[in-house]
Asker: 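Below are the structure tokens for one structure; questions will follow.
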Amino acid sequence: MTLPKEHMKHALQLAKKGVYSVAPNPMVGCVIVKDHRVIGEGWHVKSGHNHAEINAIEDVKKKHGTSSEEQLRGSEVFVTLEPCSSTGKTPPCSKALIKAGIKKVYIAQEDTSQEGLESLREANIEVEVGLLNDEAITLNTGFFTRINQGRPFVTCKIACSLDGGIALSNGESKWITCEESRENAHQIRAASDAILTGIGTVLKDDPSLTARIKNQDFIEQGKHPLRCVVDSNLKITGQEKILTDGHPTIIFTNKMLTEFDGENISTVAKPGDNNKVSLNGLLAHLGQMGINNLMLEAGPTLVDAMINEELIDKFIFYMAPKILGTGKLNFSKLEGSLKNLGTIALEVEEVEVIGDDLKVSMTPKYNRNEVK
């Protein structure tokens, strides 16, 4: 007999299938069980399409045909997020569950913007909330950050040697980390809705900032994360890859400038202090666009500014088992060094070996009352 926790784990795995396509909506998975046996499953495939619960019900109908109504009646549902109760682009899922005659609904995470729980209970459907709640929250951290804070969840990626080097001073060692780490970073890019970098990185490295992964689900979507560049004074020339490869890019400036505006390129003015772009304004703009997850891949100046504004939610360090020594370039020796990194504590969430490297995921613990 499969335990409820295992069914919810199954639903969470189904939800992850929407990682490249559901934004700005959350990822949701659903499993329908009758007599301890899975009779249907579904996930939210794409924004604007049927939600997970509807797809799971349709799966039961497809598999069981004329007996589907009997199968659904008295069954149990395991869903990773509270069923919706309002009509938007799709009909309310709570009503569909009530109509199907579901006996009990297990919900991993509540959605305070919905009233699905009340609807189900008023229909005398038993509801249990909180099964694998932590896992469900982690799954959609970006979505709820945007809903609750009006901005995306920001993950900062930093690749370095054990002694903090990012390259040799003569320009050698472009790739500090191993191939497996770089592939992993591209997977995070692909799962992000947007990538943020600074004009210094664009002018120095001319990166494409596209996601290059061998994943059929991602390839079928045919889109890459939105590229975002902080360029306060519009130093960009127009010849860079991010402006010529046909993929969407936003240039955030301090003043209203439209020199590069076109089908896939736009400039957005978010004036801040000292003739610089307002980073809070930038994130609010992305939040209004429905960006849930933002990956920060930038040099020390922008990273430090984001830390100073307490806008980075997670750090991912890829650390190569190398010592670059005194001839290295590192953040501490570059203009705009990470002077603010030492003012916060970092709580280690996960340590993982990837190829020859260590991947360390950390959460910053900001405390502006501490002595700096």
Side-chain angles (χ1 to χ4, degrees), residues 138 153-192 194-215 218 224-225 227 229 241-242 293-307 311-365:
T138 300
F153 184 89
V154 179
T155 299
C156 177
K157 186 212 81 174
I158 296 176
C160 61
S161 63
L162 289 179
D163 56 346
I166 58 175
L168 295 174
S169 57
N170 61 7
E172 294 181 4
S173 301
K174 179 180 180 182
W175 303 120
I176 298 297
T177 53
C178 66
E179 182 178 352
E180 291 88 346
S181 288
R182 298 196 296 273
E183 290 177 354
N184 184 264
H186 275 278
Q187 291 172 6
I188 298 175
R189 273 190 188 179
S192 302
I195 310 293
L196 178 65
T197 194
I199 186 58
T201 297
V202 172
L203 295 179
K204 179 178 180 295
D205 299 333
D206 193 21
S208 62
L209 296 181
T210 53
R212 298 180 290 281
I213 63 171
K214 300 175 183 178
N215 183 292
F218 175 74
H224 292 273
R227 284 88 56 93
V229 181
K241 291 177 183 177
I242 59 171
N293 293 288
L294 176 67
M295 188 173 184
L296 175 62
E297 294 193 58
T301 300
L302 180 55
V303 172
D304 196 64
M306 293 284 285
I307 294 173
L311 296 176
I312 297 177
D313 301 297
K314 182 177 182 179
F315 286 93
I316 295 180
F317 290 90
Y318 293 95
M319 303 178 68
K322 300 175 182 178
I323 303 295
L324 298 187
T326 57
K328 69 180 178 295
L329 293 176
N330 61 17
F331 282 137
S332 64
K333 291 184 179 180
L334 295 176
E335 182 180 354
S337 60
L338 288 173
K339 59 183 180 294
N340 284 307
L341 188 57
T343 67
I344 58 174
L346 297 174
E347 179 179 334
V348 176
E349 288 185 347
E350 183 180 12
V351 178
E352 180 182 359
V353 176
I354 298 184
D356 295 329
D357 301 337
L358 281 180
K359 175 187 176 184
V360 185
S361 301
M362 302 184 182
T363 300
K365 300 297 181 182

Asker: Would one find more than 12 heavy atoms of other residues, nucleotides or ligands at under 6.0 Å from atom CD of E352?
Answerer: yes
Asker: Please walk me through it: do M306 and L196 pass side chain to side chain contact (heavy atoms under 4.5 Å, CB included)?
Answerer: CA-CA 11 Å; M306 293 284 285; L196 178 65; 4.3 Å; yes
Asker: Between CZ of F315 and CG of L346, what distance do you get to the nearest 0.5 Å?
Answerer: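 Answer rounded to 0.5 Å: 6.0 Å.
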Asker: Looking at SG of C160 and NZ of K322, how far apart are the two atoms once the value is rounded to the nearest 0.5 Å?
Answerer: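 The NZ atom of K322 is 11.5 Å from SG of C160, to the nearest 0.5 Å.
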Asker: If you measure from CG on D205 to OG1 on T197, what distance do you get to the nearest 0.5 Å?
Answerer: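 If I round to the nearest 0.5 Å, the distance is 8.0 Å.
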Asker: Do N293 and T155 come within less than 4.5 Å of each other through their side chains, counting heavy atoms only?
Answerer: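 When only atoms from C-beta onward are counted, T155 and N293 do not touch, as no gap falls below 4.5 Å.
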Asker: Any chance you could measure L209, atom CG, to S192, atom OG, to the nearest 0.5 Å?
Answerer: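 Between atom CG of L209 and atom OG of S192 there are 11.5 Å.
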Asker: With heavy-atom distances below 4.5 Å as the criterion, would you say the side chains of I316 and I158 are in contact?
Answerer: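 No, their side chains stay 4.5 Å or more apart.
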Asker: Do K314 and S361 pass the side chain to side chain contact (heavy atoms under 4.5 Å, CB included) test, and can you show the C-alpha distance, the side-chain angles, and the key distance before you say yes or no?
Answerer: CA-CA 7 Å; K314 182 177 182 179; S361 301; 3.9 Å; yes
Asker: Mind checking what makes side chain to side chain donor-acceptor pair (under 3.5 Å) contact with H186, not counting sequence neighbours?
Answerer: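 H186: side chain to side chain donor-acceptor pair (under 3.5 Å) contacts with R212.
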Asker: Would you call R189 and E297 a salt bridge, using N to O less than 4.0 angstrom?
Answerer: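 Salt bridge flag = yes for E297 with R189.
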Asker: Just so I know, are the side chains of E180 and D356 near enough to count as touching, which here means a heavy-atom distance under 4.5 Å?
Answerer: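 Sidechains of D356 and E180: no contact.
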Asker: Provide the closest heavy-atom pair for V202 versus P207 in the form atom of the first, atom of the second, distance.
Answerer: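 Heavy atoms of V202 and P207 come nearest at CA-CD, 3.8 Å.
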Asker: Kindly write out the residues that satisfy side chain to side chain contact (heavy atoms under 4.5 Å, CB included) with D206, not counting sequence neighbours, or none if the list is empty.
Answerer: E240, K241
Asker: Under a 4.5 Å cut-off applied to non-hydrogen side-chain atoms, are I312 and V303 in contact?
Answerer: yes
Asker: Donor-acceptor pair, K157 side chain versus L296 backbone, under 3.5 Å?
Answerer: no
Asker: Look at the side chain of H224 and the backbone N and O of A211, then say whether any donor-acceptor pair between them is shorter than 3.5 Å.
Answerer: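 Judged by distance alone, yes, a pair lies under 3.5 Å.
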Asker: Can you name the nearest heavy-atom pair linking G198 to A298, along with the distance?
Answerer: N-CB, 4.1 Å
Asker: Partners of T177 by side chain to side chain contact (heavy atoms under 4.5 Å, CB included), sequence neighbours excluded?
Answerer: A159, S181, R182, Y318, A320, D357
Asker: Less than 3.5 Å apart, any donor N or O on the side chain of T363 or E349 sitting next to an acceptor on the other?
Answerer: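 Yes, E349 and T363 have a side-chain donor paired with an acceptor closer than 3.5 Å.
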Asker: With the side chain counted from C-beta on, respond yes when K359 and F317 share a heavy-atom pair under 4.5 Å apart, and no when they do not.
Answerer: no
Asker: Taking the side chain from D313 and the backbone from V154, do they hold a donor-acceptor pair closer than 3.5 Å?
Answerer: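 Answer holds: yes.
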Asker: So M319 and V360, do their side chains get closer than 4.5 Å, heavy atoms only?
Answerer: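 When only atoms from C-beta onward are counted, M319 and V360 do touch, with a gap below 4.5 Å.
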Asker: So, does R227 use its side chain to make a donor-acceptor pair with the main chain of I195 at under 3.5 Å?
Answerer: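 No, because the side chain of R227 does not come within donor-acceptor range (under 3.5 Å) of the backbone of I195.
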